Amino acid sequence: MLNFRKKLLTRIGLGGGLIVLIFVGTLFFGGRISSEAKAIQDIKLDMARRNAAIQSLATLKNEANKAEGYMNTLKQFLPSQDNLILTFRKEIGALAKQDKLQSTFLFGDPALGSATEPGFIHFTISVTGPFNALITFLHDLETSRYVITMDSLEVTAVGKAWRLAGEGRVFSEGLPGKAPST
């Protein structure tokens with residue numbers, strides 16, 4: 001019987017030790033598993049943030065390409081002041097010549113714009129010729145590719161011809177050499 005008791009206690013002791021060992025192992029590995037699960041969740045959140053950032057970057061690049069087209073259109077209407085000085089006088093002279101008018105043209109003082117406001121250059125113009133040609137010239141001036149404001153216009157008879165004299169402003173980009181920003 002002593003032998004039986006010894007075997008029973010040995011088996012109970014081994015079983016109890018095994019249970020304690022399993023319990024301690026579960027606590028240890030359970031803590032490790034939960035810390036690893038938290039680390040995995042943090043990595044997943046970081047990956048989601050990075051994915052959102054990449055999507056935003058892709059959208060911005062796509063929108064930048066669209067904006068480039070709009071900027072080119074805007075530059076056609078609002079050229080740089082340097083380009084304006086080179087081309088505006090020639091085009092006004094060509095319009096007057098096309099309508100068989102004699103013309104004089106002078107630039108005035110430029111006004112620099114800002115990032116939100118366009119710049120402009122004052123000008124004075126005088127054209128002389130038949131009345132119908134003056135009307136055609138004004139229409140051509142109004143429909144030209146430039147944004148123009150006429151501050152004053154005066155039409156007077158000069159013998160059998162007519163003379164149109166005026167002062168105005170032609171607009172350019174906000175800052176010299178730079179595109180207007182939004």
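These numbers were taken from a predicted model, which means no experiment stands behind them.
- To the nearest 0.5 Å, atoms CZ (R163) and CG (L101) are separated by 13.0 Å.
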Hey, can you pull the donor-acceptor pairs under 3.5 Å for the side chains in residues 53-66, sequence neighbours left out?
| residue | atom | partner | partner atom | Å |
| --- | --- | --- | --- | --- |
| S56 | OG | A52 | O | 3.1 |
| T59 | OG1 | Q55 | O | 3.0 |

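- A 4.5 Å side-chain heavy-atom check between E154 and T156 finds at least one atom pair inside the cut-off.
- Between F137 and N132 there is no side-chain heavy-atom pair separated by less than 4.5 Å.
- Within the 4.5 Å cutoff, no side-chain heavy atoms of V170 are placed close to those of H122.
- Annotation: side chain of S144 is not in contact with side chain of I92 (no heavy-atom distance under 4.5 Å).
- In this structure H139 satisfies the ring-ring contact (aromatic ring centres under 6.0 Å, His included) test with no other residue, sequence neighbours excluded.
- From K7, atom NZ reaches atom CG of N3 across 5.5 Å, with rounding to the nearest 0.5 Å.
- Put simply, L86 and I125 are part of two different groups of oily side chains (I, L, V, M, F, W, Y) that touch within less than 4.5 Å, one to the next.
- Among all heavy-atom pairs drawn from S103 and G93, the shortest one is OG-CA, 4.4 Å.
- With values rounded to the nearest 0.5 angstrom, L134 atom CG is found 10.5 Å from L153 atom CG.
- For the residue pair Q81 and A111, the shortest heavy atom distance occurs at NE2-O, 3.4 Å.
- L106 and L95 are assigned to two separate hydrophobic clusters, defined by single-linkage of ILVMFWY side chains at heavy-atom distances under 4.5 Å.
- Taken to the nearest 0.5 Å, the CZ atom of R169 stands 12.0 Å off from the CD1 atom of I148.
- When the side chain to side chain contact (heavy atoms under 4.5 Å, CB included) test is applied to T124, the partners found at least two apart in sequence or on another chain are E167.
- Here K38 contributes atom NZ and D42 contributes atom CG; the two are 4.0 Å apart, rounded to the nearest 0.5 Å.
- Taking CG of D140 as the start and OG1 of T136 as the end, the distance is 6.5 Å to the nearest 0.5 Å.
- Under the rule for a side chain to side chain contact (heavy atoms under 4.5 Å, CB included), the partners of I85 that lie at least two apart in sequence or sit in another chain are F107, I121.
- Looking at F123, F120, Y146 one by one, the single match for ring-ring contact (aromatic ring centres under 6.0 Å, His included) with F171 turns out to be F120.
- Under the 6.0 Å distance and 45° angle rule, R89 does not count as a cation-pi partner of F105.
- For the side chain to side chain contact (heavy atoms under 4.5 Å, CB included) test, no residue two or more places apart in sequence or in another chain qualifies with R11.
- Residue Q102 places its CD atom among 12 or fewer non-hydrogen atoms of other residues, nucleotides or ligands, all under 6.0 Å distant.
- The side chain to side chain contact (heavy atoms under 4.5 Å, CB included) search around N83 returns P79, S80, T87, not counting sequence neighbours.
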### Message
Using side chain to side chain contact (heavy atoms under 4.5 Å, CB included), reason through M150 and E142 one step at a time and then give a plain yes or no.
### Response
CA-CA 10 Å; M150 293 303 296; E142 181 180 48; over 6 Å; no
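- Inter-residue side-chain proximity for D151 and T149 is flagged as met; some heavy-atom pair is nearer than 4.5 Å.
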